[in-house]
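Written below as structure tokens is the structure these notes are about.
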Amino acid sequence: MESIIGDIVNNDLLFGKDKEQGIVGAYQLSDTQIRVFNRNGDSVTHHDDTFFPYFFLSDSSLLDGFVPEGDEKFWLVKLGGSNYYQYLAIFKSWRNYRGALDSLNNRRFGESADQGIQSPAIENSSHIYNKGDAVTQYFLQSGKTLFKGMIFDDLYRMQLDIETNYNPEKRDGASNGIGSDEIIIVSFCDNRGWEAVLHSKMGSERELLKAAVALIGEKDPDVIEGHNIFSFDLPYLQRRCEKYGIPFSIGRNNLPPKTYPSSIRFAERSIDYTFYDIPGRHVIDTLFLVQSYDISKRSMQSYGLKAVAKHFGFASPDRTYVDYKDIAALWENNHAKLLAYALDDVRETRALSSLLSASNFYLSQMLPYTYAMTARIGQAAKIEVLLVREYLRLKHSIPRPTAGQQHSGGYTEVFLKGILGPIVYADVESLYPSIMLSYDICPKSDELKVFPGVLNDLKELRFKAKDRSLKEKECGNKSLADNFDAMQSSFKIVINAMYGYLGFSGGIFNDFAEADRVTSTGQSIAKKMIVEFEARGCRVIEVDTDGILFIPPPEVIRETDERLLVSEVSALMPEGIKIGFDGRYRKMISYMKKNYALLSYENVMILKGSSLTSRSGEKFGRDFVRRGFEKLLSEDIEGLHNLFTEYRNKILNHELDVTEFTKTESLKSTVEQYAEDVKSGKRSKAITYEIAIKNGLRVTKGDRITYYISGTGAGSASYEKGKLSTEWKKEKPDENTHFYLKRLDEHCQKFLPFFKPQDFSMLFSDDTLFSFSAEGIELIRDIRHTESYNPGSDLAL
DNA sequence: ACGGGTAAGCT
DNA sequence: AGCTTACC
């Protein structure tokens, strides 16, 4: 019987006398066949079209004499010089190791036929064993040459010794799975970006496109970057090329890109797109980089290039802005302006990539994935290949995922609510990774104990990189310091993902019990932290997983004393667990679990929590709540009333800008699917789809609709009054004032706990008969008792 | 192709 | 009750 892994082995990439030489070159015979060469000139024919994309151009002189002359299809891979590249090719050609594993496991053997594969015989790796019995299946060909002591130790540890000059404009790609030593990066944004690049070659569109394709060939970039490049630039250029019959040969050796549908997930959202696999090049979409960045930061309202550039502060003050609808006219009338605009797009994309691509760049040095692939895969995949790689190296079998679920998570509790201060914030440094290291967390199925080994190595690497970064900084070597900082942060990303991997149902090394052990240990540490801070006279306000907010005792006033207090408690924590001082604040409003406002000593407010900052609501509501909390913190009751009046009047007089009352929602299915589900009663009507239908929009999954509620009165269901934001006209505003006043009222409820009922209704009253006076209205600072009274809870006291 | 739990708001 | 958003 032929195993899937066996297939790979039969397509042995290593050939020649000593079978250790690897591939130095490849020559394309047909669409599905290549002939590969080793250093001695031995060659072998290889069939696998999926193999092609994983070859990268290298130094063509290596192949001199091996390849028929004058053949334009010639291209080259660089596998011979490095075990890493060898491994990369093997791994990649093994199209989907998960699929291969499933397949193997489907061919179970033994009495129950349900035992799966337990281990291959180390001494004879062409056999595998299950729990009870023996052997039956060909597994790996004698691994002598295949996985020869390479990756784990040599490669993934050696990275710090490589002086990678991380200059985004000229990166050293020698160890990056990217063939050439110097990486040329072309950034572009959209068709206008190309136009800018092609400034001197402008002519008809046909000539322009020809020149564009030729330019890529000439520049021969290893990496092509763009903002929304997968969903706009590449398909756009391709379509236009098709129209004129111009070959879209933007890959190495004039090869066209291969496209296939793909999807990428950012937390709960998933985006479908067409992946462009350009032979010999890596495509990086900076839009994905931004979204990935924002998962942890959650600070951006828009992922558009201009908004992002402003957010990061690299939007030049004299940047040219052009409205989309003016582009056609500018092309005719004001070329220079359009080109300036397009070039600014390119510059911003470049800046964006320099900022956000470093982590993937370094991860790709460590993982058996290419740079482009590293940017597309998830966290679990990154962890898993590290584990699998080591298992392959040691020729040990690979387990199957276990079924089950995780039962516990972080400990969260609020002890005090209201307006409080002064505040100290302390948190356990890297709580879960520290627990995993100190408590020997290891998945049960990980018989070789690779998991803790990887974790520990990553930790050491990170320290080393951090150290190096500091040293380089001291030497005034800023660019190198930044390189090592980027490197340490890419290690951190993997470290932090390791806990999540334990509880991941699809992970082949998952272990829910171990994941629970991590979180429950975290809970006891959090509780111990509470006890110790309270024992020192602190009043604990809120604890969430690894962080604690508390009011220090009255005698602790200066920051140095606060820090001392934290380090005192830190010393009492279990071995390997450290608490860090992470901030001090003048005041805070403790509102709910995971919902609070902090006021710094510079009087800057930080607002946290979905009920206070949710981006799903209208912007005016968010602004109102934010400014209202600022008034609460400064105890400005009259100001709060004035704020309410201000927004009330703005709504009534149609003085809000359209962007302030629109809402943006993304669609999860097509309009057709929606209509069907509504008809069959599977779902209820939704305003966004109704708007799409009404406007005849062609909608696909993931599309976003920005809309508002129009008309008057509250009578009928609001989905009939939904309108696209683009339908709104300043001259004839038709937003539904009744509806938005009601929304304002709902936001006012957030201030309810801070006032007596009669005071509250006076504060947020539209009564204009009597002028408002803050006199006699008293702010409730301790809002503990304003919550609904629950007699049951007395039993607990 | 795929990290986790906890918690609040909205429909 | 189920979905979305946010915190860690």
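The shown structure was predicted, so the numbers you read here are calculated from the model rather than taken from an experiment. Any value given below was found using the heavy atoms of this structure, including those in side chains, with hydrogens, waters and symmetry copies removed. Labels below follow one simple rule: chain letters A, B, ... track the order of the sequence lines, proteins then strands, and each chain is numbered from 1.
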Item to check | Euclidean distance for C1', dG3(B) against dC7(C) (whole angstrom) | outcome: 16 Å
Checklist entry - How long is the line joining NZ of K608(A) and C1' of dC7(C), in whole Å? => result 8 Å
Checklist entry - Tell me: OH of Y425(A) to P of dC7(C), nearest whole Å? => result 12 Å
Item to check | side-chain hydrogen bond (donor to acceptor under 3.5 Å, both in side chains) partners of D582(A), counting only residues at least two apart | outcome: none
Item to check | Nearest-angstrom distance from the residue atom CZ of F288(A) to C1' of dA1(B) | outcome: 14 Å
Checklist outcome for this item: Per nearest nucleotide of DNA chain B, the residue lying toward the 5' end, A497(A) or G410(A), is A497(A)
Checklist entry - What does S408(A) touch in the nucleic acid at a heavy-atom separation under 4.0 angstrom: a base, only the sugar-phosphate, or nothing? => result sugar-phosphate
Checklist entry - Starting at CZ of R376(A) and ending at P of dA1(B), how long is that distance when rounded to a whole Å? => result 8 Å
Item to check | Results of salt bridge (charged side-chain N to carboxylate O under 4.0 Å, His left out) for R376(A) - residues two or more places apart only | outcome: none
Checklist entry - Roughly, in whole Å, what's the span from CD in E542(A) to C1' in dA6(C)? => result 13 Å
Item to check | Atom-pair distance (CZ on F509(A); P on dG4(B)), nearest Å | outcome: 18 Å
Checklist outcome for this item: Atom NZ of K492(A) and atom P of dG3(B) are separated, to the nearest Å, by 19 Å
Item to check | Pairs involving residues 505-521 of chain A, ordered by first then second residue, that meet side-chain hydrogen bond (donor to acceptor under 3.5 Å, both in side chains) (sequence neighbours left out) | outcome: T402(A)-N510(A), H407(A)-D516(A), S408(A)-D516(A), S408(A)-T519(A), E514(A)-R517(A)
Item to check | Listed partners of K578(A) passing salt bridge (charged side-chain N to carboxylate O under 4.0 Å, His left out), at least two apart | outcome: none
Item to check | Between P of dC7(C) and CG of L607(A), the distance in whole Å | outcome: 9 Å
Next on the checklist: Heavy atoms from C-beta onward define the side chain here; which of dC7(C), dG3(B), dG5(B) lies closest to that of Y596(A)?
Outcome noted: dC7(C)
Next on the checklist: Nearest to the side chain of D546(A), heavy atoms from C-beta on, is which of dC8(C), dC2(B), dG3(B)?
Outcome noted: dC8(C)
Look for any protein N or O under 3.5 Å of an N or O in nucleotides 8-11 of chain B and output each such pair with its distance, or none.
unit_1  : atom_1 : unit_2  : atom_2 : d
dT11(B) : OP1    : K663(A) : NZ     : 3.4

Item to check | Geometric cation-pi criterion, K527(A) with Y411(A): 6.0 Å, 45° | outcome: yes
Checklist outcome for this item: Sequence neighbours excluded, the answer for side chain to side chain contact (heavy atoms under 4.5 Å, CB included) partners of I493(A) is S359(A), Q379(A)
Next on the checklist: Are F451(A) and Y501(A), when compared by the centres of their aromatic rings, separated by less than 6.0 Å?
Outcome noted: no
Checklist entry - Looking across every strand, which nucleic acid part, if any, lies under 4.0 Å from G409(A) by heavy atom: base, sugar-phosphate, or nothing? => result sugar-phosphate
Checklist entry - Which of these nucleotides, dC2(B), dC8(C), dG4(B), is closest to any side-chain atom of Y499(A)? => result dG4(B)
Item to check | Nearest-nucleotide pick for T412(A), side chain only, options being dT6(B), dA6(C), dG3(B) | outcome: dT6(B)
Checklist entry - For dC7(C), does OP1 or OP2 lie under 4.0 Å from any side-chain N or O of Y411(A)? => result no
